[in-house]
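We're numbering straight along the sequence, starting at 1.
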Amino acid sequence: MWKNVKAAPADSILGLTEAFRNDPNVKKVNLGVGVYKDEEGRTPILACVKAAEKILLEKEGTKSYLPISGDPTYAKEVQNLLFGEASEVITSGRAVTAHAPGGTGALRVGGDLLKKFYPAAKVWISKPTWANHKGVFQTAGFELAEYAYYNPATRAVDFGAMTACLEKVPAGDIVLLHACCHNPSGVDLNSDQWRQVAAIGKEKGWIPFLDFAYQGFGESVEADRCGIEEFAATGVDFFIASSFSKNFGLYNERTGALTVVCPTAEEAAVAMSHLKTTIRVIYSNPPAHGGLVVATILSDPELHKQWLGELAGMRDRIKAMRVALVEGLAARGVKGDFSSITRQRGMFSFSGLSDEIVAWLRTNKAIYVVGGGRINLAGLTKANIDYVCDAIAEALDK
């Protein structure tokens, strides 16, 4: 069957990780894959997760299927995180949530659902965006288009160009937006800019689809949802794909959710009926463990408080590594201004390193960076920061 078939190319990010694992250099550093690392270079299991798993182990009485949309407590707690417990969206019942296998699964379910009712629509993605966005929506059958987002010269959002593009998006098309901690650039909209984007969406009639993979990694759980709140205030239909891989460290549990927000509770009920039929033919029922862990933590006041503390610790460590990288490069007198790295948010940064520099770092120093110069700041530690700064300084001096 495969004799005359060419092998598929390796994933640009996961393939990099495989190459890293096979590299014998004892000084190797992985700044590519989007996984949080602690100061020892490990991806830890949060203490609140361990505590929740102990509770589940003691009380769990069955391994039977969850409902198609997942555990009801999980859906409730996801919405509390997305909107705030006192939000009108929740009190009016005009949002529905289904547990999906990770944020990627949520994006794909949303794509399949939208394709059913908007078969001729285009999906507009930011330039640049997470590489897998393209594959997910193309495989769902959509044609893609791009809207302006990042300005390499200023290393910030090109908001004028962005809004000019969004003004031209036709009604019924879908606009994919990063709710916070933009991947790969690390630059985000502020609250006033979100308000303007939401107003454009309402006026033009396109469908917002917010990818919310990093809630709590920017400023806080509450501050990072400002884009969600602005779209909710407009009363339009929109979608949210959320993930607990990063902020709960549940990478291999594939724990995400798709939330559909509607103008009324009646419309939300209709949306849920079609959401269930979409899920049924893809994976039927979601995996239980990760969702039950999240529901246990968020519904328990003490565990919830503990989670917020652990999340703040991860966020603060990444911010500290941003500062250490910028100060380390400045101390070595490198060419160029890297101060924008400290203004970016989340795990990622467009470092400004060229593809030639990226290739040199990998070949000569075993430092692995994604093409385009995207760095995962969580891969930096006190133990490797000097090595990385020395290597970048040497590469830029050539």
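Taking the six-membered ring where the residue is Trp, F231 and F238 present tilted rings, their angle falling between 30° and 60°. Between H182 and H178, the ring planes are tilted. Angles from 30° to 60° get that label.
Proximity of M347 to L377: side-chain heavy atoms (C-beta onward) are nowhere separated by under 4.5 Å. Residues V157 and D188 are not in side-chain contact: their nearest non-hydrogen atoms beyond the backbone lie 4.5 Å or more apart. Residues L361 and L353 meet the side-chain proximity criterion, which asks for heavy atoms closer than 4.5 Å. E394 is listed as a side-chain neighbour of W360, based on a closest heavy-atom distance under 4.5 Å. Proximity of L298 to N80: side-chain heavy atoms (C-beta onward) are nowhere separated by under 4.5 Å. In this structure the side chain of K276 never reaches within 4.5 angstrom of the side chain of I279, judged on heavy atoms. Taking 4.5 Å as the limit, some side-chain heavy atom of M314 sits within range of a side-chain heavy atom of F217. Looking at R108 and T139, their side chains come closer than 4.5 Å, going by heavy atoms from C-beta outward.
Side-chain atoms of Q138 never come within 3.5 Å of backbone atoms of L144 as a donor-acceptor pair (strictly under, hydrogens ignored). Of the possible donor and acceptor atoms, none in the side chain of D23 sits under 3.5 Å from a partner among the backbone N and O of A19. A donor-acceptor pair under 3.5 Å is absent between the side-chain atoms of T381 and the main chain of E40, judged by distance alone. Using modelled atom types, one side-chain atom of K115 and one backbone atom of G141 make a donor-acceptor pair closer than 3.5 Å. Looking only at distances, a side-chain donor or acceptor of Y149 sits under 3.5 Å from a matching main-chain atom of V187. Judged by distance alone, with hydrogens and angles left aside, the side-chain atoms of D173 form no donor-acceptor pair with the main-chain N or O of W206 at under 3.5 Å. Here the side chain of S92 pairs a donor or acceptor atom with the backbone of V89 at under 3.5 angstrom. Looking at D355, its side chain does come within 3.5 Å of a backbone N or O of G372 through a donor-acceptor pair. In this structure, the side chain of N183 does not engage the main chain of W130 through any donor-acceptor pair within 3.5 Å. For the pair Y251 (side chain) and Y36 (backbone), a donor-acceptor distance under 3.5 Å is present.
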Check the pair D237 / I207 against side-chain contact (heavy atoms from CB on, under 4.5 Å), numbers first and verdict last. CA-CA 7 Å; D237 294 277; I207 302 166; 5.6 Å; no
Would you sort out whether Q344 and S349 count as a side-chain hydrogen bond (donor to acceptor under 3.5 Å, both in side chains), showing the intermediate values? CA-CA 7 Å; Q344 297 161 355; S349 167; 2.6 Å; yes
If you apply the rule salt bridge (Lys or Arg N to Asp or Glu O under 4.0 Å), what do you find for K116 with D112, and how did you get there? CA-CA 6 Å; K116 184 188 302 185; D112 282 5; over 6 Å; no
Going through the checks in order, is the side-chain contact (heavy atoms from CB on, under 4.5 Å) test met by L82 and Q215? CA-CA 9 Å; L82 293 180; Q215 186 175 9; 4.2 Å; yes
Candidate pair F244 and E253, rule side-chain contact (heavy atoms from CB on, under 4.5 Å), full reasoning: CA-CA 9 Å; F244 296 117; E253 299 296 351; over 6 Å; no
R332 and D386: salt bridge (Lys or Arg N to Asp or Glu O under 4.0 Å), yes or no, with the steps? CA-CA 10 Å; R332 288 159 176 82; D386 285 334; 3.3 Å; yes
Does the pair E167 and K204 meet the rule for a salt bridge (Lys or Arg N to Asp or Glu O under 4.0 Å), with working shown? CA-CA 7 Å; E167 291 274 3; K204 298 300 177 180; 3.6 Å; yes
Evaluate the criterion side-chain contact (heavy atoms from CB on, under 4.5 Å) for residue pair D300 and W307; output intermediate values, then yes/no. CA-CA 10 Å; D300 182 293; W307 169 65; over 6 Å; no
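To the nearest 0.5 angstrom, R362 atom CZ is 5.5 Å from L16 atom CG. Considering CD1 of I375 and CZ of R322, their distance stands at 9.5 Å, rounded to 0.5 Å. Note that NZ of K134 and CD1 of I125 are 5.0 Å apart. Values are rounded to the nearest 0.5 Å. The NE2 atom of H133 sits 7.5 Å away from the OG atom of S126 when rounded to the nearest 0.5 Å. Rounding to the nearest 0.5 angstrom, the gap separating the CD atom in E266 from the CZ atom in R94 is 12.0 Å. Here SG of C180 is found 9.5 Å from CD of E219. Values are rounded to the nearest 0.5 Å.
Note: the hydrophobic cluster containing L275 does not contain Y65 (ILVMFWY, side chain heavy atoms under 4.5 Å, direct or indirect links). I55 and L66 end up in different hydrophobic clusters when Ile, Leu, Val, Met, Phe, Trp and Tyr side chains are linked at under 4.5 Å. There is a path of hydrophobic side-chain contacts, each under 4.5 Å, that joins L258 to I282. The hydrophobic clustering, which links ILVMFWY residues whose side-chain heavy atoms are closer than 4.5 Å, places V96 and Y283 together. Transitive grouping of hydrophobic side chains (ILVMFWY, heavy atoms separated by less than 4.5 Å) keeps L57 and L250 in distinct clusters.
Between the side chains of T97 and Q79, at least one donor N or O lies within less than 3.5 Å of an accepting N or O. Side-chain contact, E53 with H289: a donor N or O sits under 3.5 Å from an acceptor N or O. With hydrogens and angles left out, the side-chain atoms of R345 and Y214 include no donor and acceptor closer than 3.5 Å. Side-chain polar atoms of S185 and R374 form no donor-acceptor pair below 3.5 angstrom. Checked by atom type, the side-chain pair D192/Q196 shows a donor-acceptor distance below 3.5 Å.
Contact detail for I174 and F142: the closest heavy-atom pair is CD1-CE2, 3.7 Å. Shown here for G32 and F348, the closest heavy-atom pair between the two residues is O-CE2, 4.4 Å. The minimum heavy-atom distance between N30 and F20, with the atom names listed, is N-CE1, 3.4 Å. Between A161 and A148, the shortest heavy-atom distance links the atoms CB-CB, 3.7 Å. Residues F209 and L107 share a closest heavy-atom pair of CE2-CD2, 3.8 Å. The two residues A271 and C262 make their nearest non-hydrogen contact at CB-SG, 4.0 Å.
Cation-pi geometry between K28 and Y368 is not met: the NZ or CZ atom fails to fall both under 6.0 Å from the ring centre and inside 45° of the normal. Note that R155 lies in the cation-pi zone of F338, set by a 6.0 Å cut-off to the ring centre and a 45° limit from the axis.
Around atom OH of Y118, no more than 12 heavy atoms belonging to other residues, nucleotides or ligands sit under 6.0 Å away. Other residues, nucleotides and ligands contribute at most 12 non-hydrogen atoms within 6.0 Å of the NZ atom of K122. Residue E85 places its CD atom among 12 or fewer non-hydrogen atoms of other residues, nucleotides or ligands, all under 6.0 Å distant.
Aromatic rings from H274 and F117 are positioned such that their centres are separated by under 6.0 Å.
Tested against L176 for a side-chain contact (heavy atoms from CB on, under 4.5 Å), the candidates F239, F137, Y147 yield a single pass: F137.
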